[in-house]
Structures are given as C-alpha cells and as structure tokens.
Amino acid sequence: MDHGSERDAPPGLGAGDGAPGRIPLAVVVVDRDGQVSHWSTGARRLFGAAKEDAIGRSVLDLLPVSGALPEDDEITPYGAYAAYDGLGPDLESSLDGRLNFPAAGRARLTVTDRDRADVLWWAYPLVGPGNERLLVLAADAERLRRAEHDEGVAFERIAPGFALHTDFPGAEELARRLPEILPSMSVDESARIVAQVLELGYPILEFSQNDRVPVTPDWGVARRTERLARRERAAHVAAQGLPVPVELADDEGEDLEYAAVRERLEFLNEVSGKIGTSLDLSRTIVEVSRAVVPRFTDVAGTYLREQVVAGEGFPDGVPDTTTMWHRVALEHTDEPGRWDDVVPVGEAMPFPAHTPFFQCMTTGEPVLVPRISVEMGHAIASQFEKRDIRPLITGRSMLVVPLKARTVVLGFMILLRHPERELFNDMDRVTGAELAARAGLVLDNARMYTFQESVAETLQDSMLPHIPPRMAGCDIATRYLPGTLLGRVGGDWFDSVKLPGARTALVVGDVMGHGLNSAAMMGQLRTAVQTMAAMDLPPAQLLRNLDDLAQRLGDGYLATCLYAVYDPIEGELHLANAGHIPPVLVRAVDGRSELLDLPTGAPIGVGGVAFESLRVRVDPGDRLVMCTDGLVEMRGEDIGVGLATLCESAAHPAASMDDACDTIIRALAETFSAGRGGRKDDVALLMARLNGIGPEDVAEWRLALDPAEVRRARAAVREQLHDWGLARLADPAELMVSELVTNAVRHSHSRPVQLRLIRGETLLCEVDDDDHTLPTLLGADPAAEAGRGLRVVSTLAREWGTSRTAAGKTVWFELTARRR
C-alpha cells in the first residue's frame with residue numbers, strides 16, 4: 001500500500017510521510033510512592049475510573065496488567081524500547097519502578113464495565129526535583145482496528161515505539177500539546193516533564209518495518225472540529241426521536257476543560273509579558289499588582305518583607321508572627337478611595353498565626369478561602385486598629401499566593417473577588433501559584449539589582465576620595481557619573497594630594513574595563529599615586545614608577561592617568577600624561593579655553609615607555625579642567641566633537657565651581673542626545689580654580705646652622721603673626737617653630753635651614769633641612785632625651801607631617817587661622 005497517501009492513513013493519523021498522528025491519549029502521572037498524581041480525561045475514558053477516584057490511588061490497582069497479547073493475536077505484539085520484533089518488558093515493570101529507562105508496548109488491561117482493553121502504551125521514567133516518577137501515555141488499539149476495518153486498509157503490523165532522533169517530525173507538536181493535557185500541574189512542572197520526554201524519545205507508531213508516525217495528542221482545532229461534527233450527528237439522531245449514543249454526547253465536559261486550560265495559559269503568558277519590564281523594584285511591584293486586576297481578581301494587595309522593600313540582602317529565617325510585612329501596592333476595581341484610607345500603601349504590620357496569610361507565608365503554598373465568612377472577616381479585621389475592614393472583605397472569595405524566590409518567601413499577594421463573581425477554585429489556585437512564582441522571580445531580580453546597586457554604590461563611594469573644596473591656593477569641585485544603570489562600579493577616579501610648599505597634586509585616571517576588577521585595580525593605583533605623591537616625586541617620575549608597579553601586578557593592568565602639581569606661590573602647573581585625554585585650561589583674563597598640548601605618553605601598564613612633563617604658567621583665577629574620556633567620547637562621533645564641546649562649556653561663566661561642573665556635564669549630555677549614540681562609560685571630572693598665593697601672604701627666612709638661630713626664628717614668627725593679625729596663634733606657633741628649628745639645626749649637614757610661613761585658610765609653617773632621615777613620633781617616656789619636640793607639635797597642631805625632598809626633608813604643621 002501507499003503509506004504516503006493521507007487517504008490510506010487511519011482516521012486522525014497522519015500518513016507515513018512523517019505528519020504527526022493525532023490519537024486520543026490517556027495521560028497518567030505516577031508519583032514516587034506509586035500513586036496517581038495526574039489522571040486526564042482521556043484516562044477516564046480509556047480505563048473507566050473517574051479522576052476523583054484515581055488521584056491518590058496505587059497505579060497498580062488502577063491498571064491491573066494481565067500480560068502482553070498472545071503471539072497468535074491478529075496484530076503482532078510489540079514491547080521493545082527500539083524497533084525490534086518480539087516481546088519486551090511489560091507495562092507492570094514500568095509501573096512498579098523496576099525499569100529506569102523508557103519502554104513501550106501493548107497490553108490487555110482489565111477495565112471496569114468492559115471486558116479487556118487492548119492498550120498501546122509508552123512509559124517514561126522521570127527524574128529531577130519534582131515528585132513525579134513516571135509518565136504513562138496510553139491509547140486504545142481498538143480504534144486502529146476500527147480504522148483498519150472502516151477504511152479497508154491493512155497494516156503489516158501496529159507497534160508502539162520511540163523515535164530517538166531529535167529532529168524526528170512531531171517533536172514540536174508534542175512539546176506544544178502535551179502541557180495542555182496536564183492542567184493540574186504548574187507550567188514549570190509540565191515543562192520539566194515534556195523536556196524529559198523529548199530527550200528520551202518521541203512516541204511513535206510503526207505500521208511497517210519502514211513507516212513510522214510520531215504520535216501527538218488528539219487535542220486542538222482538529223479535535224474540536226471532530227466534536228462539532230459529532231454534535232451535529234447527535235442532533236440529527238435526536239431530531240429523529242432516537243436515543244443519542246454516549247459516544248456522541250459526552251464531549252461537553254472535555255471542551256470546557258480544554259477552554260479553561262487555554263484561557264489559563266493565555267492569561268499567564270499575558271501576565272508574563274506585562275511584568276519584569278524594569279529592574280526598578282517599585283515599578284515591578286506596581287506591574288505585578290496591575291497585571292491581575294481585573295481579569296483574574298477584583299482586588300490585589302501585595303505585601304513584602306522589610307528586607308525586600310529596603311533592597312537589602314536575602315531575608316533570613318522563616319517568617320513568624322513578629323515578621324513585619326509592608327503593604328507595597330493595592331489595586332482594585334471599587335470606587336476610588338474606598339480601600340485607600342482603610343488599608344493604605346506603605347503600612348507595615350505583622351500577621352497572627354490563625355490567619356490564612358500566616359499559613360501562606362510559613363508554608364509557601366497558596367491558601368484558598370472560597371468565601372470569607374462573617375467569623376473569618378471579624379478575625380482578619382481584628383488586626384486593624386480603629387479601622388473596620390469587614391465591609392470590604394466579608395462574603396468575598398479570597399486567594400493568598402506566596403511570592404517566592406529559591407524557596408524563600410519574599411512576600412505574598414491577597415487576591416479578592418466580588419461576592420457576585422465566580423468563586424476561586426482549584427484551577428485558580430494553580431494559576432495563582434504559577435502567577436506568584438513568576439512574579440516572585442521578577443521581584444527577586446529587582447530586589448537583587450537594587451541590593452547590588454546599593455552595594456556597588458557604597459563600594460564606589462568608599463573608593464572615591466572625598467576631596468575638600470579648598471586646598472592651599474585653589475578651590476576644587478568634582479563629579480562622578482556611572483556609565484550605566486547596571487554598573488555603578490568602574491575604574492575612573494580623581495584625587496588631590498597635599499604636597500610640601502603649599503602645593504597640591506591633582507590626579508585623574510581611568511582603568512580600562514568595567515566592573516569590580518577595574519574598581520579593585522583603580523583602588524590599588526590610587527593608593528600608589530597617593531603614596532608616591534607624598535614622596536614629592538616629579539610628575540614624570542611618578543608615572544614611571546606607577547607603570548612599573550602595574551606591570552608587576554599583572555599583564556591585565558592598563559590605565560590612563562593625568563598627574564598635575566599646582567604651585568600657588570610660583571603660579572605654575574607641572575604636568576605629565578600617561579595616555580589620557582589632555583586637560584582644559586580656562587584663562588581668567590579673557591575667558592579663553594584651550595586644550596593643553598602635553599606629551600601624551602603610553603597608558604600605565606604598557607611598559608618600556610618614557611614619560612615627559614611640561615610646566616605651564618598660570619594666573620590667579622585660571623581654571624583647570626581634568627576628566628576621563630567617558631565625558632567626551634560618543635558612539636559614532638569623533639572624539640574631537642566631545643573635546644570641542646568640553647572647551648566651549650568649560651569657558652562658560654558660572655556662579656560657582658559646582659555650577660561650572662554642571663554646565664559642562666549638561667552641555668556634553670545635550671551633545672550626546674543630538675548625536676547617534678549615548679554615553680556608556682564612567683565619567684570622572686575634576687575642576688580646580690587656581691587662586692594662587694600672593695607674596696604678601698608668604699614669609700621666608702634662611703637660618704644658619706647655629707643654635708642661636710632658634711631664638712631669632714621665634715622672634716621672627718611672633719612678629720610676622722602680629723603683622724598678619726594672627727597674634728592669637730603666636731604662642732603655639734612660636735613653641736612649635738622652636739622645636740622644629742632646633743631639630744633641623746642639630747641634624748643638618750651643610751645647607752642652611754629654611755623657615756617659611758604661608759597664610760591662607762590655615763597658617764602653614766614649613767621647616768626644610770638637608771637631612772634625609774624623617775623624624776618619627778616616639779612613645780611617651782619621661783626619661784627619654786629625644787622625641788618631646790614632635791609630641792608637642794602633634795598635640796598643638798591642627799595637622800602636621802613630614803616628607804622627603806630632593807635636597808633633604810620638610811617638616812610642617814598647620815594651625816587654624818583666626819584673625820583678631
């Protein structure tokens with residue numbers, strides 16, 4: 001016969017060309033205790049037991065196997081896993097768990113109200129986290145016998161088996177249709193079962209040694225068309241006054257079940273598309289609540305644990321009667337304001353153990369209350385002080401579903417339906433549980449993002465310095481902007497370091513890459529820069545040492561860095577560049593801005609490249625703008641566009657340094673929005689107004705290496721402070737200068753001691769000598785001959801320190817300036 005002809009195929013079956021064969025399937029799921037956990041409508045028809053009688057019973061009691069068909073049967077027996085003739089393991093071996101691999105075959109089962117049913121069966125052992133142990137698909141072989149008789153066709157053999165190839169026709173059809181006949185299971189459970197079935201093999205029927213047809217459930221449009229035709233025949237029979245046969249009149253319940261399943265799947269798919277569009281926790285909460293009103297429920301109240309609302313870590317421990325639950329959203333179809341005053345959003349409260357809410361949050365399972373009685377309404381209302389919520393809830397159907405993530409309850413939703421609406425049922429409970437499972441994962445993603453963003457922001461803030469707005473002779477303003485919402489941690493940084501001689505080191509750097517690794521490298525390089533700056537290394541030498549350090553740390557350490565030293569007394573900038581974008585200098589005289597033409601140098605970490613420095617004269621009021629390339633680079637645009645915008649915006653007049661920074665960022669943002677791309681990199685911006693220190697605020701003395709010079713130093717300091725209006729500082733300053741000059745005179749070798757006072761926001765005193773040994777603060781020992789001088793300085797000074805210089809060392813202290 002021609003197996004390629006649709007005409008020759010049995011009714012409801014595709015032909016041998018590989019089209020799926022649709023036959024009514026009974027679907028039975030057996031749990032690990034050998035009891036039935038799912039019993040489809042097809043199982044009721046084939047085996048005769050109602051669903052309520054089958055669930056929870058031993059599968060061996062429901063499917064008493066009497067053995068395979070005798071060999072002289074009209075149709076060749078088949079029971080092997082692959083396409084071989086002969087008997088294989090029977091169905092009973094699969095049902096009682098003796099087989100751990102899929103099997104297929106035919107058997108005759110004793111069925112209530114019938115003699116014996118000739119059954120084709122496929123059995124799939126299930127593994128994984130679920131309680132399901134076995135999936136059994138079964139079909140009535142008598143249907144094929146009738147097809148053979150009615151259509152006048154003959155088959156060499158009819159044998160159930162498996163197609164093991166992943167590209168065998170019918171796989172997609174089976175994957176799509178099988179979950180539809182598992183309505184009592186969640187979507188996740190159905191998907192897990194289907195995935196295992198497809199991995200183990202597709203159910204097929206063999207009509208000859210060469211023709212195989214994949215079997216799919218007779219479920220869907222084709223079957224509904226068949227039902228309509230059946231009903232038309234039933235109506236025709238009834239019109240003639242004849243009794244309607246059972247086989248023509250028993251499909252209504254199955255149609256309703258199918259429609260309910262389809263509606264449930266469509267609803268869940270629709271909800272899944274509405275929630276999780278954002279990682280913002282607040283927005284996600286609102287999406288979850290609005291997704292179910294009014295289609296599934298009339299009132300939806302969402303409650304979350306304190307830690308979830310705060311975006312903190314995962315909640316610890318099982319919820320109890322002391323756990324505080326925050327009402328974070330409330331959606332309803334009632335008139336406006338009816339719920340808002342009684343159960344306002346933002347309220348936090350615990351729930352007693354006798355409530356269905358406590359049961360839901362402790363068991364992690366949905367709780368269904370078909371209708372809230374007067375007694376239950378009173379018990380629930382007792383939690384709300386001075387507010388009577390009984391009129392809002394009594395008589396309504398209620399479903400409480402947990403919002404879980406990785407078995408931990410993050411919160412729950414209270415769903416209420418109007419009294420006149422259909423009550424929540426078991427299918428609604430399953431739907432609600434699946435809805436809550438999806439919502440819980442979405443909420444947990446938003447919670448984790450909020451938590452990680454908070455941690456990242458805290459880490460970034462801790463790693464970036466808090467620069468004082470005023471340093472000696474200059475004012476400073478900074479900005480840091482993360483590159484994206486998902487990455488608040490990056491490798492961009494800025495810094496300022498106090499140097500001897502009232503100088504200030506200004507630093508901006510950019511580690512290549514993003515994330516925690518870049519941030520960690522940034523922290524190491526920033527610490528290294530601070531350490532070497534305190535040693536007063538020249539800019540080019542500092543970058544040379546930083547490059548050596550980066551190579552010792554590893555091949556992946558690459559960064560750009562711009563290092564500048566501002567001397568407010570000399571009115572000079574000393575700069576060196578390691579692959580960084582140049583700074584902008586805005587002249588105070590005419591407001592003109594320019595990119596400083598610096599020797600660029602290679603990035604830190606390349607190695608083997610010399611660095612050069614440049615000195616630039618500056619005037620009081622000039623502004624220096626240093627930034628990372630994230631501020632001026634745009635996708636699809638030449639960096640020259642960003643640099644031009646930077647120069648133009650930096651020259652714009654501003655009322656303050658902060659306003660000037662905001663003007664730059666706003667101008668670059670507008671340029672980005674007008675361009676083809678947007679900013680993706682981090683931004684570090686440092687602006688310094690170079691105020692300078694005038695000659696009238698500086699006093700210097702050269703002291704010979706003679707102990708008598710100590711008295712002259714004290715007198716000079718006292719007189720100068722009186723002239724500056726700082727007489728109140730004369731006594732402590734004179735005492736500390738005496739100690740430092742005495743120490744310098746004693747330890748200097750040949751070069752005169754330098755004493756300098758600088759008046760600014762603070763009074764700075766510096767003593768230089770040619771001894772490279774730094775003094776240290778010693779412990780308090782009354783018998784010690786040395787060490788008392790620095791203890792005096794440490795006690796009286798606002799701040800003090802020591803640093804090496806090219807010629808020796810500098811010891812300095814500061815006092816808060818108070819004018820008389």
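Between L525 atom CG and D495 atom CG the span is 12.0 Å, to the nearest 0.5 Å. Taking CG from L135 and CG from L137, the interatomic distance works out to 4.5 Å, rounded to the nearest 0.5 Å. Interatomic distance, R44 CZ to E52 CD, rounded to the nearest 0.5 Å: 9.0 Å. Rounded to the nearest 0.5 Å, atoms NZ (K404) and CE (M361) are 14.5 Å apart. In this structure, OG1 in T478 is found 9.5 Å from NE2 in H466, a value given to the nearest 0.5 Å. To the nearest 0.5 Å, the span separating CD1 on I372 from CD1 on I393 amounts to 5.0 Å.
With sequence neighbours excluded, the residues satisfying side chain to side chain contact (heavy atoms under 4.5 Å, CB included) with V293 are T297, A300, E331, T333. The salt bridge (Lys or Arg N to Asp or Glu O under 4.0 Å) search around R479 returns D658, D662, not counting sequence neighbours. By the side chain to side chain contact (heavy atoms under 4.5 Å, CB included) test, T323 is found to be paired with R305, P319, D320, W325, residues two or more places apart in sequence or in another chain being considered. Residues satisfying the side chain to side chain contact (heavy atoms under 4.5 Å, CB included) criterion with P352, sequence neighbours excluded, are H354, T355, Q383. Every residue meeting the side chain to side chain donor-acceptor pair (under 3.5 Å) condition with D659, not counting sequence neighbours, appears here in chain and number order: S656. The salt bridge (Lys or Arg N to Asp or Glu O under 4.0 Å) search around D31 returns none, not counting sequence neighbours.
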Please test V36 against R57 for side chain to side chain contact (heavy atoms under 4.5 Å, CB included), starting from the C-alpha separation and ending with a verdict.
CA-CA 6 Å; V36 173; R57 288 185 57 187; 5.6 Å; no
For a ring-ring contact (aromatic ring centres under 6.0 Å, His included) check, start with the C-alpha distance between F358 and F412, then their side-chain angles and the critical distance, and finish with the verdict.
CA-CA 10 Å; F358 185 84; F412 57 87; over 10 Å; no
L415/V292 under side chain to side chain contact (heavy atoms under 4.5 Å, CB included): CA gap, chis, key distance, verdict:
CA-CA 9 Å; L415 310 177; V292 296; 4.3 Å; yes
Applying side chain to side chain contact (heavy atoms under 4.5 Å, CB included) to T628 and F494, what does each step give before you reach the verdict?
CA-CA 9 Å; T628 54; F494 47 73; over 6 Å; no
One pair to check against side chain to side chain contact (heavy atoms under 4.5 Å, CB included): I414 and Y303. What are the steps and the verdict?
CA-CA 8 Å; I414 302 175; Y303 292 76; 3.6 Å; yes
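A donor-acceptor pair under 3.5 Å is formed between the side chain of R327 and the backbone N or O of P344. The backbone N or O of A49 lies less than 3.5 Å from a partner atom in the side chain of W39, making a donor-acceptor pair. Checked by atom type and distance alone, the side chain of S397 never pairs as donor or acceptor with a backbone atom of L423 at under 3.5 Å. Remark: the backbone N or O of T41 is not paired with any side-chain donor or acceptor of K51 at under 3.5 angstrom. Looking at Q196, its side chain does come within 3.5 Å of a backbone N or O of V127 through a donor-acceptor pair.
Ring centroid separation for the pair F296 and F424 comes in under the 6.0 Å cut-off.
Of all the heavy atoms in R421 and P294, the pair that sits closest is NH1-O, 3.1 Å. Closest approach of C360 and P402 over heavy atoms only: SG-N, 3.4 Å. Among all heavy-atom pairs drawn from L330 and V345, the shortest one is N-CG2, 3.9 Å. The shortest non-hydrogen separation linking T302 to L403 is CG2-CD1, 3.9 Å. In terms of heavy atoms, S94 sits closest to R133 at O-NH2, 3.9 Å. The heavy-atom pair separating R390 from G377 by the smallest distance is CG-O, 3.5 Å.
A 4.5 Å side-chain heavy-atom check between M376 and V369 finds at least one atom pair inside the cut-off. With contacts defined as side-chain heavy-atom distances shorter than 4.5 Å, the pair W493/V508 does not qualify. By the 4.5 Å heavy-atom criterion applied to side chains, L134 and L95 are counted as neighbours. Two residues are said to be in side-chain contact when any heavy atoms from C-beta on lie closer than 4.5 Å; D629 and D510 meet this criterion. Annotation: side chain of E132 is in contact with side chain of I193 (closest heavy-atom distance under 4.5 Å). Side-chain contact check for I476 versus M657: every heavy-atom pair is 4.5 Å or farther apart. At least one side-chain heavy atom of M398 sits under 4.5 Å from a side-chain heavy atom of F357. With a 4.5 Å cut-off on side-chain heavy atoms, V29 and S37 count as touching.
Just one residue in the list L685, D492, I665 forms a side-chain contact (heavy atoms from CB on, under 4.5 Å) with L481, and that residue is I665. Paired with R429 under the rule side-chain contact (heavy atoms from CB on, under 4.5 Å), one option of V401, V400, L368 passes, and it is L368.
Taking the charged nitrogens against the carboxylate oxygens, R396 and D334 do have a contact shorter than 4.0 Å, which makes a salt bridge.
More than 12 heavy atoms of other shown residues, nucleotides or ligands fall within 6.0 angstrom of atom CD in E420.
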